[in-house]
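Here the structure comes first, spelled out in structure tokens, and everything after it is commentary.
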There are 2 protein chains.
Amino acid sequence: MTSPTPARRSRRTDALSAAAIIDAAIAVLDAEGEEALTFRALSIALETGPGAIYHHLASKQEILAAAAQRLVVHALADVPTDLDAEGGIRAVMLAFFDLFDAHPWVGTQLSREPWQAALLEMFEAIGAHLDALGVDERYQFTAASSLLNFVLGVAGQHASATRLARDLDRSTFLRDIAEGWKDEATAASHPFSRRMADQLAEHDDRQQYSDGIDFVLAGIAAVAVEGGLR
Amino acid sequence: MTSPTPARRSRRTDALSAAAIIDAAIAVLDAEGEEALTFRALSIALETGPGAIYHHLASKQEILAAAAQRLVVHALADVPTDLDAEGGIRAVMLAFFDLFDAHPWVGTQLSREPWQAALLEMFEAIGAHLDALGVDERYQFTAASSLLNFVLGVAGQHASATRLARDLDRSTFLRDIAEGWKDEATAASHPFSRRMADQLAEHDDRQQYSDGIDFVLAGIAAVAVEGGLR
DNA sequence: TCGCTTTTGGAACAACGTTCCAATAACGAG
DNA sequence: CTCGTTATTGGAACGTTGTTCCAAAAGCGA
């Protein structure tokens with residue numbers, strides 16, 4: 001098998017490169033999920049061995065971080081630029097949600113390494129609108145961080161929910177959780193959650209995310225625009 | 001070695017149990033960090049083998065989830081109950097931060113499994129105050145979720161930062177990141193982050209978290225209390 | 001005292017990320 | 001063109017992980 005073909009041109013027709021490895025990694029992650037990205041799977045996809053991969057990238061972390069950054073940059077490139085300040089922030093934030101919805105593994109990756117490259121891109125994209133929004137300069141760092149932290153929380157939950165509900169249906173998965181909240185013993189000690197159980201089962205993730213942004217933006221407007229309290 | 005001592009009373013003086021295993025797991029996690037919790041480390045700490053552990057708990061996930069839930073419940077038990085609605089929510093949210101600061105691995109765990117037991121406790125503790133805060137019933141689910149997502153984002157970042165800065169000092173770690181933001185090429189394409197670099201290096205995590213809560217609470221008050229817009 | 005069930009702990013397994021290395025292609029200097 | 005040097009390749013091997021399996025031991029009801 002795999003006859004040597006002694007003296008053709010190149011060992012590979014397509015040269016291996018960091019970019020090619022990241023391409024393959026994204027393809028595997030999107031097609032089969034986070035836990036499917038192994039050096040063995042990558043080796044098969046690229047028709048090579050782990051040694052060759054390690055010659056271009058230092059670790060699995062580096063592959064994941066680079067893959068996440070590429071998708072973040074790509075998603076941000078598609079955001080329209082002719083919007084007012086608030087519309088611009090909303091568009092950026094929704095672009096993040098759609099990215100995490102299409103590539104849930106990115107949500108996991110962003111919590112693996114602090115202030116990695118992808119996070120800088122997100123931080124910048126959010127912060128770029130704060131001046132135009134009229135946010136007092138002293139509040140801009142906190143405002144951008146708050147929006148970023150909110151996105152990251154959603155991204156993490158969305159990723160783990162998708163991971164678990166990979167075979168299972170999302171709605172039946174949520175219905176099961178909601179049923180648990182309606183269990184007598186649980187409901188007795190968790191009355192608020194009991195009241196919310198039906199909404200949990202029926203809610204729209206994207207709408208809820210958008211409503212959450214409304215809260216944070218309204219809060220920033222109330223506290224940090226035109227000199228809020230202290 | 002380990003002479004059999006043929007016929008004493010019990011095989012172990014302290015009976016193995018789920019609670020004892022979780023105790024040991026928390027001790028290992030707090031003392032040596034997330035990646036130190038292995039079945040081998042647990043076996044040594046409990047003076048047993050992996051088989052005995054699996055007889056009481058089904059998987060490593062289950063151990064981590066139970067450990068996280070215990071700490072969340074414990075942290076919530078210490079929150080004073082004689083506060084007004086807003087003070088109550090603030091106290092709960094700050095209790096979460098202090099928990100994630102003392103036990104960073106909890107922040108990672110909460111993103112591993114969706115709607116796990118610990119999250120229900122957090123969701124309930126937040127939501128319990130929303131009626132008293134005057135939040136319209138239609139907004140309570142979204143309001144509680146938004147606060148929860150914000151906490152989870154902070155927890156995840158805090159956990160990964162602590163993990164990376166385990167040997168390294170936190171302030172020098174942040175200073176290094178900030179220096180990267182001041183790099184000429186980076187600064188040119190990321191002017192907002194460039195302006196924020198010094199604040200990144202000097203900011204207080206807990207204060208920033210508290211300010212973020214101010215934003216979200218102000219936004220909830222503006223949008224969802226006494227019938228906000230739409 | 002005996003039979004059955006629970007509990008124990010260690011051996012064994014497959015899979016993972018990573019390291020190492022011998023073989024090969026590419027390339028610059030002569 | 002030729003040759004020594006470097007870059008690149010891919011597979012074998014390593015140590016560690018979570019998990020499974022099983023035989024021995026302890027506890028317990030009849």
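So you know, we letter chains A, B, ... as the sequences are listed, proteins then strands, and number each from 1.
A donor-acceptor pair is defined here as one N or O able to donate and one able to accept, closer than 3.5 Å; such a pair exists between the side chain of B:E124 and the backbone of A:F192.
Rounded to a whole Å, the CD atom of B:E35 is 13 Å from the P atom of C:dT18. Taking atom CG of B:L64 as the reference point, atom P of D:dT17 lies 14 Å away to the nearest angstrom. Counting to the nearest Å, the C1' atom of C:dG10 and the CD1 atom of B:I53 are 12 Å from each other. In this entry the distance linking NE2 of A:H55 with P of C:dA22 reads 16 Å, nearest Å. Note: CG (A:L57) to P (D:dT8) measures 13 Å, nearest angstrom. For the pair B:F39 CZ and C:dA14 P, the interatomic distance rounds to 19 Å; values are reported in whole Å. For the pair A:H56 NE2 and D:dT8 P, the interatomic distance rounds to 6 Å; values are reported in whole Å. Protein atom OH of B:Y54 is 18 Å distant from nucleotide atom P of C:dT7, rounded to whole Å.
One finds no salt bridge joining A:R175 and A:D169 here, because no Lys/Arg side-chain nitrogen approaches an Asp/Glu carboxylate oxygen to under 4.0 Å.
Taking every side-chain heavy atom of B:P50 into account, C:dA11 is the closest of D:dG10, C:dA11, C:dG9.
B:L37 comes within 4.0 angstrom of the backbone, heavy atoms only, and of no base. Note on A:S59: only backbone sugar-phosphate atoms sit closer than 4.0 angstrom, heavy atoms only; bases stay farther off.
If you find the closest nucleotide of DNA chain C to A:A58 and to A:R40, the one lying nearer the 5' end belongs to A:R40.
For the OP1/OP2 pair of D:dG10 and a distance below 4.0 Å, the side-chain nitrogens and oxygens of A:T48 include at least one atom meeting the criterion.
More than 12 heavy atoms of other residues, nucleotides or ligands lie within 6.0 Å of CD in B:E35, so this atom counts as buried by the packing criterion.
By the 30° and 60° cut-offs, the orientation of the rings of B:Y54 relative to B:F39 is parallel.
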